[in-house]
Amino acid sequence: MARRRAHGKGAPALVRVETPPADELQPGRGPAPTGPIERRSDGTLTPAGARVLGRLAGKRSAERRRLASELADQLGLARVPEQLAPYIDHAREFARTQLASLCDQFGHVGPGPSSMVMSAALALAASRAAYAQGKAKDGAALADKSRQTLLTAHHMCELEARARDASSDGEEWPY
C-alpha cells in the first residue's frame, strides 16, 4: 500500500493508506527460472535450457490447476437464489480467470489476494444483477467497488512477491 498525503474527505487524517492507481501498479514478473537458460549462439535453446523452461512451465501450470480446483466453490455461497445463478456462474469464471492472470504475473497468489478477487467477482456479479433490474446507480457503485478491489489484490500480490524475493536465498521465486 502506498503512503500518501491525506486528501479530500480524509484530509484531517494523519496518515492515509491507499492502493496506488492502476498506472502506478507494478507488472508481475512471473516465476523465475530455477537455473540458467542456456542458448546456442543462434539463440535457440540447448537441451538444458529447454528443461529449465519446461520445469518453469510445469510449475506455472500446476499453480493454475491448484487455483482453479480450490476455487470451485470458494465464493462462500451455500445456496444461490435462482435469479442470481447466471451472475454467480459468471463470477466464478471471472475469479478463475483473474486468479490465473495474477498467477501468471506473480508466480503465486496468496489467500489474501485470492479472497479479494473472489469478493471483487461477487461485487461484479451483484453489479450485473443490479443493472439487469434497472438500478444503474447501484450497478455502477458495485462495479467500481469490484475495480478497486482488483487493484488492491494486484498490489497485494506485488507486495507478497517482494517479500518472497527478500526472504529467498538466491532464488527469486521460491516454491
Side-chain angles (χ1 to χ4, degrees), residues 1-4 7-10 16-32 56-165 167 172-175:
M1 302 293 159
R3 186 170 175 224
R4 302 177 185 275
H7 59 276
K9 291 182 181 178
R16 183 170 183 87
V17 178
E18 59 185 40
T19 302
D23 63 346
E24 292 180 19
L25 291 175
Q26 298 299 311
R29 297 168 289 177
L56 179 62
K59 284 182 180 182
R60 185 176 279 178
S61 178
E63 180 70 5
R64 288 183 79 161
R65 279 194 311 275
R66 181 191 67 80
L67 280 172
S69 67
E70 287 179 5
L71 185 64
D73 290 311
Q74 292 295 315
L75 290 178
L77 303 174
R79 191 174 53 83
V80 177
E82 188 176 323
Q83 68 271 23
L84 292 180
Y87 302 107
I88 298 302
D89 289 344
H90 179 262
R92 283 189 177 102
E93 186 56 37
F94 176 82
R96 279 188 189 100
T97 303
Q98 185 65 30
L99 287 169
S101 174
L102 288 172
C103 180
D104 284 347
Q105 294 177 63
F106 296 102
H108 176 76
V109 180
S114 294
S115 174
M116 290 176 197
V117 168
M118 289 180 255
S119 293
L122 288 173
L124 187 61
S127 166
R128 299 305 185 248
Y131 276 118
Q133 294 171 0
K135 299 177 182 176
K137 186 175 180 180
D138 292 341
L142 287 162
D144 189 58
K145 177 71 118 173
S146 176
R147 174 197 60 82
Q148 186 61 39
T149 305
L150 291 172
L151 289 173
T152 304
H154 180 99
H155 188 59
M156 289 299 298
C157 283
E158 175 190 337
L159 293 176
E160 288 179 357
R162 281 193 209 159
R164 283 192 305 274
D165 286 350
S167 68
E172 190 174 348
W173 293 99
Y175 284 91

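The residues of the chain are indexed from 1 along the displayed sequence. All values reported here derive from a predicted model rather than from experimental measurement.
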Would you give the length of the straight line joining atom [atom1] of [X] to atom [atom2] of [Y], rounded to the nearest 0.5 angstrom?
| X | Y | atom1 | atom2 | value |
| --- | --- | --- | --- | --- |
| Leu122 | Tyr87 | CG | OH | 14.5 Å |
| Met116 | Met156 | CE | CE | 5.0 Å |
| Leu151 | Ser146 | CG | OG | 9.5 Å |

Which residues share a side chain to side chain contact (heavy atoms under 4.5 Å, CB included) with [X], sequence neighbours left out:
| X | answer |
| --- | --- |
| Gln133 | Lys135 |
| Ser127 | Tyr131, Leu142, Ala143 |
| Asp89 | Arg92 |

**Item:** Nearest heavy-atom neighbours spanning Ala125 and Ile88
**Value:**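 Scanning both residues, the minimum pair turns out to be CB-CD1, 4.3 Å.
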
**Message:** How close do Ser114 and Gly110 get, counting heavy atoms only, and between which atoms?
**Reply:** OG-O, 2.9 Å

**Prompt:** Is the side chain of Ser115 donor-acceptor paired with the backbone N or O of Pro111 at a distance under 3.5 Å, no angle test?
**Reply:** no

**Pairs involving residues 139-154, ordered by first then second residue, that meet salt bridge (charged side-chain N to carboxylate O under 4.0 Å, His left out) (sequence neighbours left out)** = Asp144-Arg147

**side chain to side chain donor-acceptor pair (under 3.5 Å) involving Asp138 - partner list, sequence neighbours excluded** = none

**Item:** Result of checking Gln98, His108, Glu160, Glu158 against Pro113 for side-chain contact (heavy atoms from CB on, under 4.5 Å)
**Value:**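 It is Glu160; the other options fail the test.
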
